[in-house]
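First comes the structure, then the notes that go with it.
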Amino acid sequence: QVQLVESGGGSVQAGDSLRLSCVASGRALSRYNLGWFRQAPGKEREFVAAITNGGGRTSYADPVKGRFTISRDNAKNTAYLQMSSLKSGDTAVYYCAADLTQWGAGRYDYWGQGTQVTVSS
């Protein structure tokens, strides 16, 4: 199994940027498609972005298109979510997820513990 640990969250002002990281251990990250999801208080978890195992394809939810960028460095077993022009509506716990076959907004087998992002207007 692969274990995932997110980091990089914090409290920022609207318009600021943050970069989240997701470090994998236990198995080579290069085997897995990766996704970022988020869950705001009182809301269901929602898809944010995804990238295929080789990095050749990416997908984004409409609310973050043009502002967020997903990437990965398989040599470092790490995935990233670069977030720019942050809005108060981006406030949520952000989760990294991995799966051998699913990608996009599909179901993932492995999840990290999440990292909190708070954006103040």
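Not measured: the values here are computed from a predicted model. For reference, positions follow the sequence shown, starting with 1.
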> What do the steps show when you test Leu100 against Asn53 for side chain to side chain contact (heavy atoms under 4.5 Å, CB included), and what is the final call?
Replying inline: CA-CA 8 Å; Leu100 288 172; Asn53 53 7; over 6 Å; no
> Going through the distances and angles, do Glu6 and Trp36 end up as a side chain to side chain contact (heavy atoms under 4.5 Å, CB included)?
Replying inline: CA-CA 10 Å; Glu6 303 95 333; Trp36 284 96; 3.9 Å; yes
> Between Ile51 and Asn33, is a side chain to side chain contact (heavy atoms under 4.5 Å, CB included) present by the stated rule, with each step listed?
Replying inline: CA-CA 6 Å; Ile51 188 167; Asn33 299 319; over 6 Å; no
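Summarising the geometry of Ala79 relative to Leu29, their closest heavy-atom pair is N-CD2, 4.0 Å, with the distance given to 0.1 Å. The shortest heavy-atom contact between Val117 and Met83 is CG2-CE, 3.9 Å. The shortest non-hydrogen separation linking Thr91 to Ala40 is O-CB, 3.6 Å. The shortest non-hydrogen separation linking Ser85 to Ser17 is N-OG, 4.3 Å. When all heavy atoms of Leu34 and Ile70 are compared, the pair lying nearest together is O-CD1, 4.2 Å. Here the shortest heavy-atom pairing between Val48 and Val64 reads O-CG2, 3.5 Å.
Interatomic distance, CG of Leu18 versus OG of Ser84, reported as 9.5 Å (0.5 Å rounding). A distance of 8.0 Å separates OG in Ser7 from CG in Leu20, rounded to the nearest 0.5 Å. Here Leu86 contributes atom CG and Phe68 contributes atom CZ; the two are 5.0 Å apart, rounded to the nearest 0.5 Å.
Here salt bridge (charged side-chain N to carboxylate O under 4.0 Å, His left out) pairs that include residues 8-31, with residues two or more places apart or in two chains, number zero. Note on residues 71-121: pairs passing disulfide (SG to SG under 2.5 Å), not counting sequence neighbours, are Cys22-Cys96. Residue pairs that meet the salt bridge (charged side-chain N to carboxylate O under 4.0 Å, His left out) test with at least one member in residues 51-63, sequence neighbours left out, are Asp62-Lys65. Among residue pairs with one or both ends in residues 99-114, none qualify as salt bridge (charged side-chain N to carboxylate O under 4.0 Å, His left out); sequence neighbours excluded. Sequence neighbours left out, not one pair with a member in residues 32-76 passes disulfide (SG to SG under 2.5 Å). Screening residues 28-87 for disulfide (SG to SG under 2.5 Å), with sequence neighbours left out, gives no hits. Annotation: salt bridge (charged side-chain N to carboxylate O under 4.0 Å, His left out) contacts involving residues 39-56, sequence neighbours excluded, comprise Arg38-Glu46.
No side-chain heavy atom of Thr69 sits under 4.5 Å from any side-chain heavy atom of Leu81.
For Gln82, there are no side-chain hydrogen bond (donor to acceptor under 3.5 Å, both in side chains) partners at least two apart in sequence or on another chain. In this view, Thr78 and Ser21, Val23, Lys76, Tyr80 satisfy the side-chain contact (heavy atoms from CB on, under 4.5 Å) rule, not counting sequence neighbours. Listed by chain and residue number, Gln116 satisfy the side-chain hydrogen bond (donor to acceptor under 3.5 Å, both in side chains) test with Thr118 (two or more places apart in sequence, or in another chain). Under the salt bridge (Lys or Arg N to Asp or Glu O under 4.0 Å) criterion, Arg67 pairs with Asp90, not counting sequence neighbours.
With Ser120 contributing its side chain and Gln13 its backbone, the two residues share no donor-acceptor pair below 3.5 Å.
Summarising the hydrophobic clusters (Ile, Leu, Val, Met, Phe, Trp, Tyr; side-chain heavy atoms under 4.5 Å, direct or chained), the residues clustered with Trp103 are Phe37, Phe47, Val93, Tyr95, Tyr108, Trp111.
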